[in-house]
Amino acid sequence: MAKGKSSGGLQAPRGTRDFYPEDMRRRNWLFGQFRETAHAFGFEEVDAPIVEHLDLFRRKAGEEILDQLYHFELHDRELALRAEMTPSIARMVIARQGAMRFPIRWFTVTQNWRYERMTRGRRREHYQWNMDIWGEPGVEAEAELLSAMFTAFDGLGLARGKVGVRLNSRALLEESLRRGVLADRPEVFEPLCVVIDKIDKIGAQAVTDLLCDPNGGVKLSAGEAERVIEMLSARSLDDAARFTSDDSGALTDLRKLYDLLDAYGIADHIPFDASVVRGLAYYTGVVFEAFDTGGVLRAIAGGGRYDRLAETLGGKPVPAVGFGFGDAVIAELLQDEGIWPDPPRDVQDIVYAFGAEEKPAAIGVATRLRRQGRNVELCLGQSKLKRILGDADKVGAERVFLIGSDELARGIVKVRDLAEKKEHEEPLGG
RNA sequence: GCGGGCGUAGCUCAGUUGGUUAGAGCGCCAGAUUGUGAUUCUGGAAGUCGCCGGUUCGAUCCCGGUCGCCCGCCCCA
């Protein structure tokens, strides 16, 4: 018996989608761009179950994430649908840690689930392209990933300048606080990042209040909080340098990274922005997020370095960096830009018999063509030729094979070239 | 979770100050001398007016609830 909120089961659940053929063609095109880019960069595709043990997510993100996860208990097991791919990939890496030659480059295109309110560009069910490099501690990995991201933007048809990437380093912030509050309580760094991620939404004062809240998880002094807020306003490396020491490793890394990005030809599209910290607790170093320069959409993609995740989950330490690129926001952008392609069906040949007598011969022709590797639609039933040709035109087929009583008697098939509007005859057997 | 807007044919939308058979465009189907794609012309099918309840002689229209979608807030990848 149905109970609670229900629509009778005839509608897809809120925040989920059906993919009709035309939707699926677009989705396949988008995913094709993701895969093509990943392969161009030498990444290998992996996959993992959509259902994981709830503990995998609990250990990483803390209990507060639970109400955003699709989770359930079944036969005394606590399970959850993945909200992102990184924990599963970490699990896979840890399981073969001793057997793999690092660095490894892996990518995924997966469906993820988050139980939350919908807004533009966000649904409860969405697909995400994930690119990760494990085992490379240097910023060469970040540079390679960012280049892949821009290569994907190019492939999707977005003009340079339509999208950019804001980039920062959590390590920079961490260094500047090391002699202060982090010396005694290094564990507050993660909650601190989660708080300052909100600055664009709730403002500097509210963030300061949260950072200094004696009942909060961070409890900075007023001076420390002020320094953090001031630092977040930095929009260049020289600007940021004022908040750290000359021998700052984080700053050295950032300068090196920008040299590499320059070599890739993308540095101009990647402004430094000290206010970018990303909401996820596990990032440790460089963090970045892609945005539309028009400024109307939420982040298109986001990622960063998470060098301690493997340890946190119980493995040996392995440095790692990666990004996630969702299908929802990019779809909105492509829509706004009017560059969503409408890929045609991939039917190449259509085989048509005028009457029931010619059906076996038509089947023979279709079978022969299929063995040759052609995509063949065999006409079923008894539609009029006029309709068949009209449909063939619409789906973008190349040829129509016609078999009537006359053709059958002569052992031939008439082949009509749709583009040339010309016909020739071929023996039935090919 | 909160506030606002919307829900009429497959799609985009009109409309009814509450009154008989609810409309258009596009799409779909059929036909324009029986085996050939376009345009055109003609005709046709198609809607429990989101769902449930209330008010009323009578509700697609008014009221309440509910489900869904959109926008903002909140939250967050």
Side-chain angles (χ1 to χ4, degrees), chain A residues 2-18 20 22 57 60-62 64-69 82-87 110-130 193-195 197-198 200-202 206 276-283 287-290 296 298-304 306 322-329 332 350 352-355 358 379 382-408 413-423:
Chain A
K3 65 175 193 178
K5 292 177 179 179
S6 163
S7 57
L10 269 180
Q11 287 168 315
R14 174 182 260 178
T16 68
R17 298 165 287 176
D18 294 321
Y20 287 89
E22 61 273 22
F57 305 112
K60 199 198 74 179
E64 75 277 7
I65 200 76
L66 282 188
D67 57 354
Q68 304 230 337
L69 278 175
R82 63 181 170 222
E84 54 159 339
M85 204 55 196
T86 306
T110 61
Q111 191 184 39
N112 301 327
W113 295 81
R114 294 183 68 89
Y115 192 84
E116 63 182 347
R117 197 69 182 169
M118 300 174 55
T119 62
R120 186 179 188 200
R122 295 176 80 202
R123 288 180 299 265
R124 291 180 176 177
E125 158 269 331
H126 70 119
Y127 286 83
Q128 195 172 67
W129 173 39
N130 224 87
C193 287
V194 172
V195 169
D197 182 49
K198 304 177 199 295
D200 279 347
K201 294 134 191 166
I202 65 178
V276 172
V277 295
R278 305 294 298 160
L280 284 175
Y282 56 74
Y283 288 126
V287 286
F288 51 88
E289 62 189 22
V296 296
R298 62 178 49 250
I300 298 165
Y306 47 96
F323 69 77
F325 189 126
D327 69 325
V329 179
E332 298 284 349
I350 290 174
Y352 174 79
F354 282 96
E358 297 89 34
C379 294
Q382 286 302 325
S383 298
K384 299 228 174 217
L385 177 57
K386 188 176 179 177
R387 173 144 304 286
I388 297 300
L389 289 171
D391 289 348
D393 213 31
K394 277 183 205 163
V395 306
E398 294 162 27
R399 303 181 296 183
V400 177
F401 289 68
L402 305 169
I403 309 169
S405 52
D406 176 56
E407 286 81 3
L408 186 58
V413 55
K414 208 176 258 183
V415 185
R416 183 170 181 85
D417 183 310
L418 273 309
E420 298 291 324
K421 303 194 179 197
K422 285 181 186 163
E423 290 177 2

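Below, chain A is the first sequence line, B the second, and so on; all start at residue 1.
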Can you tell me how far [atom2] of [N] sits from [atom1] of [X], to the nearest Å?
{"X": "A:His126", "N": "B:A77", "atom1": "NE2", "atom2": "P", "answer": "12 Å"}
{"X": "A:Arg114", "N": "B:C76", "atom1": "CZ", "atom2": "C1'", "answer": "6 Å"}
{"X": "A:Leu408", "N": "B:G35", "atom1": "CG", "atom2": "P", "answer": "16 Å"}

Practice task
Taking only the side-chain nitrogens and oxygens of A:Arg387, find out if one of them lies under 4.0 Å from OP1 or OP2 of B:A30.
Solution key: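 For B:A30, OP1 or OP2 has a side-chain N or O of A:Arg387 closer than 4.0 Å.
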
Problem - Short side-chain N/O contact to B:U36 OP1/OP2 from A:Lys414, under 4.0 Å - result: no

Practice task
Using the test side-chain hydrogen bond (donor to acceptor under 3.5 Å, both in side chains), find all partners of A:Tyr352 that sit at least two apart in sequence or belong to another chain.
Solution key: none

Exercise for the section: Using a 3.5 Å limit on both pairing distances, list the dot-bracket string of RNA chain B from the 5' end; Watson-Crick and G-U wobble pairs count, crossing pairs take [ ], interstrand pairs take |. Expected result: (((((((..((((.....[...)))).(((((.......))))).....(((((..]....))))))))))))....

Practice task
With the side chain counted from C-beta on, respond yes when A:Asp327 and A:Arg123 share a heavy-atom pair under 4.5 Å apart, and no when they do not.
Solution key: yes

Could you work out, with salt bridge (Lys or Arg N to Asp or Glu O under 4.0 Å) as the rule, every residue matching [X], not counting sequence neighbours?
{"X": "A:Glu125", "result": "A:Arg17"}
{"X": "A:Arg124", "result": "none"}
{"X": "A:Arg278", "result": "A:Glu289"}
{"X": "A:Glu423", "result": "A:Arg416"}

Looking across every strand, which nucleic acid part, if any, lies under 4.0 Å from [X] by heavy atom: base, sugar-phosphate, or nothing?
{"X": "A:Asp417", "result": "base"}
{"X": "A:Leu402", "result": "base"}
{"X": "A:Gly303", "result": "nothing"}
{"X": "A:Arg278", "result": "sugar-phosphate"}

What side-chain donor-acceptor pairs closer than 3.5 Å can you find for residues 383-394 of chain A, not counting sequence neighbours?
none

Return the nearest nucleotide to the side chain of [X]; candidates are [options].
{"X": "A:Asp406", "options": "B:G35, B:C75, B:A30", "result": "B:G35"}
{"X": "A:Glu407", "options": "B:C75, B:G35, B:G37", "result": "B:G35"}
{"X": "A:Leu418", "options": "B:G31, B:G37, B:U36", "result": "B:G37"}

Exercise for the section: Please work out which of the three classes, parallel, tilted or perpendicular, describes the rings of A:Phe323 and A:Trp129, given edges at 30° and 60°. Expected result: perpendicular

Handout entry: Residue met sooner reading RNA chain B from 5', once A:Arg122 and A:Leu385 are mapped to nucleotides
Key = A:Leu385

Exercise for the section: Please figure out whether A:Ala392 or A:Lys384 has its closest RNA chain B nucleotide nearer the 5' end. Expected result: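 Result: A:Lys384.
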
What pairs of donor and acceptor atoms, side-chain ones from residues 395-408 of chain A against any protein atom, are under 3.5 angstrom apart with sequence neighbours left out?
from: A:Glu398; atom 1: OE1; to: A:Arg374; atom 2: NH2; distance (Å): 2.9
from: A:Arg399; atom 1: NE; to: A:Asp349; atom 2: OD1; distance (Å): 3.0
from: A:Arg399; atom 1: NH2; to: A:Asp349; atom 2: OD2; distance (Å): 3.0
from: A:Glu407; atom 1: OE1; to: A:Gly404; atom 2: N; distance (Å): 2.9

Exercise for the section: Going 5' to 3' through nucleotides 38-45 of chain B, assign each nucleotide B (protein heavy atom under 4.0 Å from a base atom), S (under 4.0 Å only from sugar-phosphate atoms) or - (no protein heavy atom that close). Expected result: --------

